[in-house]
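Reading through the structure tokens given below for one structure.
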2 protein chains.
Amino acid sequence: MIARELSATRRPQGPPRLKDVASKVGMSTATVSRALTGRGPVSPGTKRRIEAAAKELGFVASYHASSLASGRSRNIGVVLPYVDRWFFATVLDGIASTLTAAGYDAALYNLQGENFRESVLTDFLLRKRLDAAAVVSLRLAPGETEQLLSAGIPLVGIGGSLEGAPTISVDDLNAGLRATNHLIQLGHCRIAFIGGPPEAGRSFPMSSDRRRGFERAMSTAGLPIHERDQLVSDFTFLGAYQQVKNLLAEPEQRPTAVFAATDEMAAGAILAARDLGLEIPRDLSVIGIDAHPLGEAFGLTTIDQQAHHQGTRAAQLLLRQLAGEPVTAGHELHRAHFIARSSTAPLGSNSSPA
Amino acid sequence: MIARELSATRRPQGPPRLKDVASKVGMSTATVSRALTGRGPVSPGTKRRIEAAAKELGFVASYHASSLASGRSRNIGVVLPYVDRWFFATVLDGIASTLTAAGYDAALYNLQGENFRESVLTDFLLRKRLDAAAVVSLRLAPGETEQLLSAGIPLVGIGGSLEGAPTISVDDLNAGLRATNHLIQLGHCRIAFIGGPPEAGRSFPMSSDRRRGFERAMSTAGLPIHERDQLVSDFTFLGAYQQVKNLLAEPEQRPTAVFAATDEMAAGAILAARDLGLEIPRDLSVIGIDAHPLGEAFGLTTIDQQAHHQGTRAAQLLLRQLAGEPVTAGHELHRAHFIARSSTAPLGSNSSPA
DNA sequence: CTCACTAGTGTAAGCGATTCCATCAGTGGG
DNA sequence: CCCACTGATGGAATCGCTTACACTAGTGAG
């Protein structure tokens, strides 16, 4: 019991209750509730009066009471492995702003440690703490997805397939293909690729499809892939910087182009090349993927995967499902956009960009 | 009503209720609740049996029911102006991980648009949707803070003072002073400063104290500040890159050192200088503030403001207040740590770092 | 002119916990 | 040997809404 004062008569300064609005307009709480939530029939006149009274009193429905009674909580979970990395922060921003605009809350579940995974799903989602969830770049166990879906909790996945739920991702294979073909068309034969680790716990291998696109494009063009040019980094600028610097340090077997799975790594590659005295794009062409703001200053040619839009879109799908509209559980493969800047040029050209 | 089946007897596969645990161990729900929440006396034996039963049934208390009944919601709001900028994402990460570890949820309120401000405070906080809130780099109206505090909602501010609530920030003035003095000691006389805009809506002017530190250090050293060297950018790498490139384009009145209010801007400055053929630190010394991971690859000398730690610390303060411990409402000024790298060197030295 | 419907409203039963109060068995002091 | 007290427990009243169901009055069809 929080406030069991002198029965319901006195309530010094607490926020107004539904009851207060009801008595102010001389109607039952049922009608007031219907008027305010928009569920169930209420005559236009009554509705207007109730809304006015509610506004005047500054009434806002108790979140927990209404959630408990209705089973809906206007709270959507966003589950992701990192918040402090560009892609995730940007997707999160897209999701959160869309949800907020629709009157939903975004609750953040950062699964960096992997430790809280179980409790997040079991405790929060299944216990109706959340109405829906967006899962970013994380692999759910087959049973988990099913469990959530069958409990009627809409799900949407970003950057990795989620059995039975709609999924959004950029066409990574295609992006990898296009990036590589761009370099090949410019005459490059010896192309290095730098991506992330093949897999990290429950998170999706973020760059493997891009790597696959690279490999396919190379073999289609009949170009050999040198073991030495296949770099693996941690997606950071610094990591890529170091890897690429090592790679380029020996002039005799240096690639003429680098395809980095993300712009941050691409920018690191450019810096590394410059630190070795190479000129971009004269001595080395570099292409990335992301449209990271960093790339602009580096003149980085890249492929825009529209991270923010992916987030917005995911949120829309969830909202639509919550509104009762049927949403097909397929994979929504966004096509990425090529952004040509000055970090790539024809092989052997004299420093002028492509 | 959500599930008014055949009275309470049938409940096909829904999650177990407190009642179920109670009947399993043959005790009242009151005792079970006490055992599980740890409030009120329960004999050790009973407690053990209850916990075992709860675990076996996979019982987890309904979030909304317990919030409604107890008035506590285990949900803490994080209010910030951006999520997709390094500092904020990092602080958020620190806050969220600390809260999650303590069993609290972090609800995200991104006030980028400024539009939702009112509703966030009024609707969510005051309606007991949130137990507490961390306000990052945002200025609350004097009345708002008071209203929240008097409603018993713990508040903590990061990066800007919040009347009546504990506040955390790095000592920006001191950091600005030290960064500038570092350059002065190296013999630089003509030092440029690049910071953010003086003020942006309700958010705190993020770099004005750093600028003030710069100005004070310069005047203490008797050095003139050239109007032309006072740059204002938008905190982005690209923005700083452009500004600094313009600044350095005219060789005759070029500063010999740049102090950037953030590492991202400092890195942009370095790139700009390099693009103009300048060598760092031989031709230009650059210092930043942040310890942004980007800085490492650029060899950027910087001052670490420990963004992640600030977040962690803020979360701890909130948790402590929620636990009933008194927390003094003062300003907690963290001292930043100097990180010497290779982007600064004595004026006129031959390329060897400081 | 009835009758089946619908729209508008009220009554009251939950939602699933927490917690106040009463009850009751031990227990150490006087 | 009695009593005030403490620790463990149960009964039942909330917390503040939503909504099933009952009811009334109007409305167009037959």
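Each chain gets a letter, A, B and so on, in the order its sequence line appears, and its residues count up from 1. Keep in mind it's a predicted model, so treat the numbers as computed, not measured.
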If I take atom CD1 in residue A:I50 and atom C1' in nucleotide C:dG8, what distance separates them, rounded to the nearest angstrom?
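In whole Å, C:dG8 C1' lies 11 Å from A:I50 CD1.
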Suppose the criterion is salt bridge (Lys or Arg N to Asp or Glu O under 4.0 Å): which pairs have a residue in residues 312-331 of chain B, not counting sequence neighbours?
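For residues 312-331 of chain B, and leaving out neighbouring residues, the salt bridge (Lys or Arg N to Asp or Glu O under 4.0 Å) pairs sorted by first residue read B:R313-B:E332, B:R320-B:E325.
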Tell me which pairs pass salt bridge (Lys or Arg N to Asp or Glu O under 4.0 Å) where either residue lies in residues 67-77 of chain B, with sequence neighbours left out.
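Output for this query is empty, none listed.
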When the axes are fitted on five pairs at both termini, how much does the helix from C:dC1-D:dG30 to C:dG30-D:dC1 curve, in 10° steps?
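Angle reported: 30°, given to the nearest ten degrees.
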If you pin A:L18 and B:V32 to their nearest nucleotides in DNA chain D, which one's is more 5'?
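Its nearest nucleotide lies further toward 5', so the answer is B:V32.
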Listed in order of residue number, which residues of residues 34-45 of chain B have a non-hydrogen atom at under 4.0 Å from DNA chain D?
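Correct list: B:R34, B:P41, B:V42, B:S43.
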Just wondering, do [Y] and [X] contact through their side chains at under 4.5 Å, heavy atoms?
| X | Y | value |
| --- | --- | --- |
| B:V83 | B:L92 | yes |
| B:R34 | B:T31 | yes |
| A:L162 | A:L138 | no |
| B:V60 | B:P15 | no |

For A:F87, all residues meeting ring-ring contact (aromatic ring centres under 6.0 Å, His included), sequence neighbours excluded:
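Testing A:F87 for ring-ring contact (aromatic ring centres under 6.0 Å, His included), a comparison that skips the adjacent residues, returns none.
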Can you list the residues that meet the side chain to side chain contact (heavy atoms under 4.5 Å, CB included) rule with [X], with sequence neighbours excluded?
| X | answer |
| --- | --- |
| A:A314 | A:V156, A:I158, A:I168 |
| B:S67 | A:H64, B:Y63, B:S73 |
| A:T312 | A:T98, A:H308, A:Q316 |

Sequence-aligned protein contact record of nucleotides 22-27 of chain D, with B where the base is within under 4.0 Å of a protein heavy atom and S where only the sugar-phosphate is:
------
Euclidean distance, A:L155 CG relative to A:I76 CD1, rounded to 0.5 Å:
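Answer rounded to 0.5 Å: 11.0 Å.
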Nearest-nucleotide pick for A:T46, side chain only, options being C:dT9, C:dG16, D:dT18
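For the A:T46 side chain, the nearest candidate turns out to be C:dT9.
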With the side chain of B:T31 defined as its heavy atoms from C-beta on, choose the nearest nucleotide among C:dT9, C:dC15, D:dG10.
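Looking only at side-chain atoms, B:T31 lies closest to D:dG10.
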Distance check: side-chain N/O of A:S28 vs OP1/OP2 of C:dG10, anything under 4.0 Å?
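For C:dG10, OP1 or OP2 has a side-chain N or O of A:S28 closer than 4.0 Å.
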Between A:R72 and D:dT19, is there a contact of a side-chain N or O with OP1 or OP2 at under 4.0 Å?
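For D:dT19, OP1/OP2 do have a side-chain N/O of A:R72 under 4.0 Å.
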For A:S67, report the nucleic acid contact type (base, sugar-phosphate, nothing); a contact means any heavy atom under 4.0 Å.
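No contact.
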Just to be sure I understand the rule, does B:S33 reach a base, reach only the sugar-phosphate, or reach nothing, if contact means heavy atoms closer than 4.0 Å?
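Base contact.
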Taking side-chain hydrogen bond (donor to acceptor under 3.5 Å, both in side chains) as the test, write out the residues that go with B:S23, two or more places apart.
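B:S23 satisfies side-chain hydrogen bond (donor to acceptor under 3.5 Å, both in side chains) with no residue once adjacent residues are dropped.
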Could you go through residues 47-55 of chain A and list every donor-acceptor pair under 3.5 Å that involves a side-chain atom there, pairing it with any protein atom two or more places apart or in another chain?
unit_1: A:R49; atom_1: NH2; unit_2: A:V25; atom_2: O; d: 3.4

For nucleotides 22-28 of chain C, tabulate all protein N/O to nucleotide N/O atom pairs closer than 3.5 Å, reporting atom names and distance.
none

